[in-house]
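What follows is a single structure, written as structure tokens, with notes after it.
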Amino acid sequence: MTIDSSRLRIAIQKGGRLSDESKKLLKAIGIKFSTRDRKLIAHSTNEAVDLLLVRDDDIPGLVMDGVCDLGIIGQNVLEEESLEREAKGNAFDYKELKVLDFGGCRLSIAVAEEMDYNGPQDLQNARIATTYPRLTEKYMAEKGVNLSFCLLKGSVEVATRAGLADGICDLVSTGATLEANGLKEAEVIYRSKAVLIQTASELSAEKQALIDTFMTRIEGALQAKE
Ligand code: ATP
Ligand code: ZN
């Protein structure tokens with residue numbers, strides 16, 4: 001399989017909370033495609049565009065490394081990857097084109113319901129289970145709190161009860177999952193939305209012109225919704 005690099009490559013989440021809205025946005029700006037068969041790549045039938053359908057975690061890297069020209073991703077995942085790359089001394093450049101009107105959530109520290117929580121200092125030297133150690137560490141370091149981490153990509157919400165950690169730091173929208181696991185929200189450390197990003201690498205004039213056209217249409221599509 002070869003990828004035609006003259007076509008604009010857009011990375012979106014394959015299956016998850018950002019998938020439907022990402023596809024809806026691309027369709028709203030006139031890009032026709034079908035993602036019915038479970039392929040990694042969907043070729044647009046009317047524009048010089050290929051969609052890459054991937055895990056959301058892979059999207060920041062694909063755009064930062066210039067493998068994809070555009071990507072739609074949660075700011076939480078994007079910022080975590082940026083901090084991770086920065087810490088390792090790797091390149092983490094990208095251009096933010098537009099904050100979108102979906103994918104809203106918050107990243108919060110939660111502790112056992114019965115804990116007497118009065119502020120960040122109560123977590124001094126605590127162990128926190130999370131998928132977002134860099135974001136968590138950054139926020140708590142600013143509060144003068146040192147943490148250690150238990151890194152989990154899933155089932156974060158059970159880590160406290162399982163005795164793996166003193167608290168968790170995870171995405172919250174309603175708080176129902178926390179409650180169901182005997183946890184309460186202690187600190188909101190990051191508020192996130194989906195964003196459209198572009199690679200920092202120089203693109204051909206044709207590709208850049210296509211992106212400019214799409215941006216004009218996105219402004220129109222977002223205004224029409226208001
Ligand atoms: P993937 O299989 O692609 O790795 P995932 O399980 O990591 O998917 P999803 O649960 O689909 O990710 O969430 C993707 C993004 O949707 C989150 O990173 C976040 O930006 C956003 N989001 C919006 N609301 C929520 C929520 N209530 N819980 C989790 N994520 C949310
Ligand atoms: Zn993911």
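Order of appearance sets the numbers: ligands from 1, and atoms from 1 within every ligand.
In this structure, Ser44 contributes its side chain and Asp50 its backbone to no donor-acceptor pair below 3.5 Å. Side-chain atoms of Arg85 come within 3.5 Å of backbone atoms of Ala91 as a donor-acceptor pair (strictly under, hydrogens ignored). Lys207 places a side-chain N or O within donor-acceptor distance of the main-chain N or O of Ser5, the cut-off being under 3.5 Å.
Counting just the N/O/S atoms of Asp56, the one with the shortest distance to the Zn ion (ligand 2) is named OD1. The minimum distance between the Zn ion (ligand 2) and any N, O or S atom of Asp57 involves atom OD1.
Each of Leu97, Ile73, Ile211 was evaluated against Leu196; a single residue qualifies, Leu97, per the side-chain contact (heavy atoms from CB on, under 4.5 Å) test.
Val77 is connected to Leu151 through a chain of hydrophobic side-chain contacts under 4.5 Å among Ile, Leu, Val, Met, Phe, Trp and Tyr, so both are in one cluster. In the hydrophobic cluster analysis, where Ile, Leu, Val, Met, Phe, Trp and Tyr join through side-chain heavy atoms closer than 4.5 angstrom, Ile72 is grouped apart from Leu78.
Ligand 1 has no nitrogen or oxygen under 3.5 angstrom from a nitrogen or oxygen of Ser192.
Atom CZ of Arg127 sits about 9.0 Å away from atom CG of Leu164, to the nearest 0.5 Å. Distance CG/Leu18 to NZ/Lys193: 13.5 Å, rounded to 0.5 Å.
Atom numbering of ligand 1 starts at 1 in the shown order; those under 4.0 Å from a heavy atom of Gly104 are 23 (C), 24 (N). Counting the atoms of ligand 1 from 1 in the order shown, those under 4.0 Å from a heavy atom of Gly16 are 11 (O). Here is the list of ligand 1 atoms found below 4.0 Å of a heavy atom in Val77: 18 (O).
Ranking the protein heavy atoms by distance from atom 23 (C) of ligand 1 puts Gly103 O, 3.5 Å first. The closest protein non-hydrogen atom to atom 7 (O) of ligand 1 is Asp56 OD1, 3.2 Å. The protein heavy-atom contact nearest to atom 30 (N) of ligand 1 is Leu171 CD1, 3.3 Å. Atom 4 (O) of ligand 1 has Arg55 NE, 2.5 Å as its closest protein atom, hydrogens excluded (heavy atom only). Summary of contacts: the protein heavy atom closest to atom 18 (O) of ligand 1 is Asn76 ND2, 3.0 Å. Protein heavy atom nearest atom 8 (O) of ligand 1, with residue, atom name and distance: Gln13 NE2, 2.9 Å. Among all non-hydrogen protein atoms, the one lying nearest atom 10 (O) of ligand 1 is Arg17 NH1, 3.3 Å. With respect to atom 27 (N) of ligand 1, the closest heavy atom belonging to the protein is Ser173 OG, 2.7 Å.
Ligand 1 lies nowhere less than 4.0 angstrom from a heavy atom belonging to Ala194.
Proximity of Leu18 to ligand 1, defined as any heavy-atom pair under 4.0 Å, is confined to the side chain (atoms from C-beta onward).
Ranked by closest heavy atom to atom 19 (C) of ligand 1, the top entry among Ala176, Gly175, Gly74, Cys105 is Cys105.
Residue-environment remark: CD (Glu96) exceeds the threshold of 12 foreign heavy atoms within 6.0 Å.
Closest heavy-atom contact between Ala176 and Thr174: N-OG1, 3.1 Å.
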Does Ile31 form a side-chain contact (heavy atoms from CB on, under 4.5 Å) with Ile10? I'd like the steps, not just the answer. CA-CA 11 Å; Ile31 304 172; Ile10 308 178; 4.2 Å; yes

